[in-house]
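Report on the structure given below.
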Amino acid sequence: MTLIDGKKLSETIKQEIAQEVEAIQKAGGKTPHLAAVLVGEDPASQAYVRSKVKSCEQVGFQSTLIRRDASISEQELLDIVTQLNEDPSIDGFIVQLPLPKHIDENKVILAIDPRKDVDGFHPVNFGRMAQGLPCFIPATPFGILQMLERYEIPTSGKHCVVLGRSNIVGTPISILLSRKAKVGDCTVTLTHSRTKDLPAEVRRADILVAAIGIPEFVKGDWVKEGVVVIDVGINRVDDPTAKNGYRLVGDVDFEEVAPKSSFITPVPGGVGLMTVTSLLLNTLKAAKKEIYP
Ligand code: L34
């Protein structure tokens, strides 16, 4: 069993980005600039956005954090998006999800200029992704592709089972892994809450991507020997022995599944860290106008 080390891999990629930023600056180019909009006080969202801002510092990006109270109106948030669209100093920006219930997330995503949509959530980027055109790939799926690539895990002709059909993970990773590409050419089964006999489907997986948000959902007897496990879940479960009263677990029962796996991502220290690094990669692409010249 090989642990896919998201921490080590994300540090390596951040060093590569930092070198490129230096080269851009030496050549007299503009420092890449990411903005993040954070609405409300959700502890997990705050931690993720903090980590994004800190990572910008690490690689030499400029970053701007825009914080607003959960009571912000939809129109006020849309106005912020418009300002960021029009601000030439900003190369790319994100609106951290989830948003408060009174705000329509789809409306906000649709308002983002696709050229600055470094989350890859806008339908223009999603559609381009589905057709194999240049696009911003959503950060979590992009991070998964890099883990598979850098650990030289063969994907061509493999059976990949995806648990969960969200717009930000399950659906895009299903499309990406089925594409004709270096990391791709999988036969993909996309499963969800209405799938009949989930364990039987999961047992067919050479590669399992678990993204359903249920703590330790996948059990040891659900997987076949030698499976590659990508655990996207970041679930907080109560733990009175922990300093902050909780610990993080994935969607996979690690104790049971790891011994049967050829490769597995840990939680924490896996996909989550690659999500942050992939956002930096997308921001670099935005700054270099690589996707939309
Ligand atoms: N707009 N909203 C937008 N873009 C995104 O890409 C996200 N996502 C998801 C939630 N909402 C979003 C994130 O940023 C999930 N996510 C994210 C980012 C970072 C980490 C996890 C999820 C992360 O750093 N995880 C660490 C542990 C963090 C902790 O201690 O809480 C890890 O080791 O997995």
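Residue indices begin at 1 and follow the sequence shown. Order of appearance sets the numbers: ligands from 1, and atoms from 1 within every ligand.
- Heavy atoms of Lys52 come nearer than 4.0 angstrom to ligand 1 in at least one pair.
- The shortest N/O to N/O separation between Gln96 and ligand 1 falls below 3.5 Å.
- A side-chain donor-acceptor contact under 3.5 Å links Lys260 to the backbone of Gly220.
- At least one N or O atom of Gly269 sits closer than 3.5 Å to an N or O atom of ligand 1.
- Heavy atoms of Leu97 found under 4.0 angstrom from ligand 1 belong to the backbone as well as the side chain.
- Taking only non-hydrogen atoms, the option from Leu273, Asn244, Asp119 nearest to atom 1 (N) of ligand 1 is Asp119.
- No hydrogens or angles considered: nothing links the side chains of Glu57 and Ser63 as a donor-acceptor pair under 3.5 Å.
- Protein heavy atom closest to atom 34 (O) of ligand 1, with residue, atom name and distance, is Ile234 CD1, 3.4 Å.
- Considering only non-hydrogen protein atoms, atom 16 (N) of ligand 1 sits nearest to Tyr48 CD1, 3.7 Å.
- Distances from atom 27 (C) of ligand 1 to the heavy atoms of Val267, Leu279, Leu248 show the closest one on Leu248.
- Nearest heavy atom pair, residue Val188 against residue Ser174, reads CG2-O, 3.7 Å.
- Side-chain atoms of Arg179 do not come within 3.5 Å of backbone N or O of Gln131 as any donor-acceptor pair.
- Taking every heavy atom of Phe121 and a limit of under 4.0 angstrom, the matching atoms of ligand 1 come to 1 (N), 3 (C), 4 (N).
- No side-chain donor-acceptor contact under 3.5 Å links Asp79 and Gln83.
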query: Are Ile80 and Ile66 close enough, and set up right, to give a side-chain contact (heavy atoms from CB on, under 4.5 Å), and what steps lead you there?
result: CA-CA 9 Å; Ile80 291 173; Ile66 300 172; 4.2 Å; yes

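- Side chains of Asn125 and Tyr292: a donor on one and an acceptor on the other come within 3.5 Å.
- Across the listed options Ser45, Gly272, Ser10, Gly272 owns the non-hydrogen atom lying nearest to atom 19 (C) of ligand 1.
- Side-chain atoms of Ser278 and Gln146 form a donor-acceptor pair, as typed in the model, at a separation below 3.5 Å.
- Only side-chain heavy atoms of Val276 come within less than 4.0 Å of ligand 1; its backbone N, CA, C and O stay farther off.
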